[in-house]
Undergrad: 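Please read through the structure below; I'll follow up with questions.
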Amino acid sequence: MGKSKVLVVGGTGYVGRRIVKASLEQGHQTYVLQRPDLGLDIDKLQMLLSFKKQGAHLVEASFSDHQSLVDAVKLVDVVICTMSGVHFRSHNLLLQLQLVEAIKVAGNVKRFLPSEFGMDPALMGHALEPGRVTFDEKMTVRKAIEDANIPFTYISANCFAGYFVSNLSQMGTLLPPRDKVILYGDGNVKAVFMDEDDVATYTIKTIDDPRTLNKTVYLRPPENILTQRQLIEKWEKLIGKQLEKSSINEQDFLASMKGLDYATQVGVGHFYHIFYEGCLTNFEIGEGGEEASTLYPEVNYTRMDEYLKVYV
């Protein structure tokens, strides 16, 4: 058994570019979907060309041309979709239904990893409006995959460090505070924080692993299960200074949603579930799931004090 050939859809995106890199690094023949509607987006084009220089194959296909998608899928064994599901960038999760249809028609795919990479949507049936749309759409895609009997792996990657660690989980900024910080409630609810490159490394490790077939893989490395307070302490230690802390309670946090634009309301809902409810850590991983750092102890994942050093 050689290594699977991989097609990455959404390869120029925030997660996608890392998946392409990890796939190449782990020795997979890697194809990246190039959509003809690039227009004048030179950054995307140059990134695609840089993938080509690193050994990836570019394959042209369009979501408006079903046959081109089928042809692209037929080239590979594994399809990984990383299309954006966040509202402040672009939000196209349901476009994946066309990809599911193409995989079904092609009939050769041994594993499909749809665009997940966040909280497990199967556990978010109670989620608040309007943020629940993300989970509902991911579940719609899952249903289509399972109805078509397509072999799958779902990746639950929890909190990306670039959006949740660098800013000590403060909304509306990507940089760490140096004076004051807001705690969600008492700041003692556990979340899970992941370096995005590690997300990609673990993801690629799952694709040829029989243990992850038709399972959800949770990225929950033990040293990265932290409360917001613990995260802040790591930063304080690095800068040699205590931050002034204030707290916002659950009711006030939810009330802050009023009058915000749609994308920010979605974000507030997600932050609520993570930092007040503890939705990333308030369950045991059941028989339909696996934990990545247990499966792949050889991955030396980035710890969050290490991650934060570059921001000092």
Side-chain angles (χ1 to χ4, degrees), residues 15 18-19 22 26 78 80-82 85 93 110-128 131-132 134-143 145-146 150-161 163-165 169 188-228 230-231 269-304 307:
V15 177
R18 292 172 165 89
I19 297 279
Q26 291 181 42
V78 173
I80 303 175
C81 187
T82 58
L93 289 173
K110 295 195 309 216
R111 199 81 66 96
F112 177 42
L113 283 66
S115 190
E116 295 252 345
F117 305 105
M119 309 174 208
D120 181 358
L123 301 176
M124 298 306 295
H126 65 291
L128 297 173
R132 65 169 301 127
T134 311
F135 312 119
D136 292 343
E137 290 183 358
K138 286 179 177 179
M139 290 309 288
T140 300
V141 173
R142 283 189 180 195
K143 185 176 187 310
I145 292 166
E146 292 170 31
I150 294 166
F152 63 83
T153 299
Y154 303 140
I155 303 288
S156 176
N158 298 305
C159 293
F160 291 163
Y163 287 111
F164 286 92
V165 174
S169 304
N188 289 324
V189 171
K190 285 194 157 77
V192 188
F193 302 97
M194 291 297 304
D195 180 305
E196 292 84 343
D197 293 336
D198 293 340
V199 171
T201 300
Y202 282 125
T203 298
I204 296 298
K205 285 204 168 270
T206 68
I207 63 178
D208 283 332
D209 187 343
R211 297 172 297 178
T212 61
L213 178 64
N214 298 336
K215 295 265 182 86
T216 299
V217 176
Y218 299 90
L219 276 47
R220 210 193 254 190
E223 289 185 46
N224 287 3
I225 302 171
L226 302 166
T227 67
Q228 189 194 7
Q230 287 173 319
L231 193 60
H270 293 180
F271 268 64
Y272 168 77
H273 293 299
I274 294 166
F275 293 109
Y276 291 93
E277 195 178 88
C279 71
L280 303 181
T281 57
N282 65 1
F283 63 95
E284 293 298 319
I285 296 171
E287 61 188 50
E290 296 286 349
E291 196 284 308
S293 69
T294 309
L295 291 178
Y296 313 112
E298 69 277 10
V299 176
N300 181 21
Y301 62 89
T302 305
R303 276 64 172 174
M304 291 303 113
Y307 184 88

Undergrad: NZ of Lys190: more than 12 outside heavy atoms within 6.0 angstrom?
TA: no
Undergrad: Would Ile225 and Thr281 count as a side-chain contact (heavy atoms from CB on, under 4.5 Å) if you check the C-alpha gap in whole Å, the side-chain angles of each, and the deciding distance to 0.1 Å?
TA: CA-CA 8 Å; Ile225 302 171; Thr281 57; 4.1 Å; yes
Undergrad: Does any N or O in the side chain of Asn188 come within less than 3.5 Å of the main-chain N or O of Thr227, such that one atom is a donor and the other an acceptor?
TA: no
Undergrad: Ignoring hydrogens and angles, tell me if any N or O in the side chain of Glu196 forms a donor-acceptor pair with the backbone of Val15 under 3.5 Å.
TA: no
Undergrad: Under the 3.5 angstrom rule, does the side chain of Asn224 hit a backbone N or O of Val192 as a donor-acceptor pair?
TA: no
Undergrad: Tell me if the aromatic rings of His270 and Phe135 count as close, with their centers under 6.0 Å from one another.
TA: yes
Undergrad: Is there a donor-acceptor contact under 3.5 Å from the side chain of Arg111 to the main chain of Asp209?
TA: yes
Undergrad: Let me know which of Glu290, Glu116, Arg142 forms a side chain to side chain contact (heavy atoms under 4.5 Å, CB included) with Thr216.
TA: Arg142
Undergrad: Using modelled atom types only, decide if a donor and an acceptor are shared between the side chain of Arg132 and the backbone of Gly269 within a distance under 3.5 Å.
TA: no
Undergrad: Do the numbers put Arg303 on top of the ring of Tyr301, so that NZ or CZ is under 6.0 Å from the six-membered ring centre and no more than 45° off the axis?
TA: yes
Undergrad: For Arg220 and Glu291, what are the C-alpha separation, side-chain angles and deciding distance, and is it a salt bridge (Lys or Arg N to Asp or Glu O under 4.0 Å)?
TA: CA-CA 6 Å; Arg220 210 193 254 190; Glu291 196 284 308; over 6 Å; no
Undergrad: Checking Tyr154 against Asp120 for the side chain to side chain donor-acceptor pair (under 3.5 Å) test, could you report, in this order, the C-alpha distance in whole Å, the side-chain angles of both residues, the deciding distance, and whether it holds?
TA: CA-CA 9 Å; Tyr154 303 140; Asp120 181 358; over 6 Å; no
Undergrad: For Thr206, is there any backbone N or O sitting under 3.5 Å from a side-chain donor or acceptor partner on Thr212?
TA: yes
Undergrad: How about Phe164 and Phe271: are their ring centres within less than 6.0 Å of each other?
TA: yes
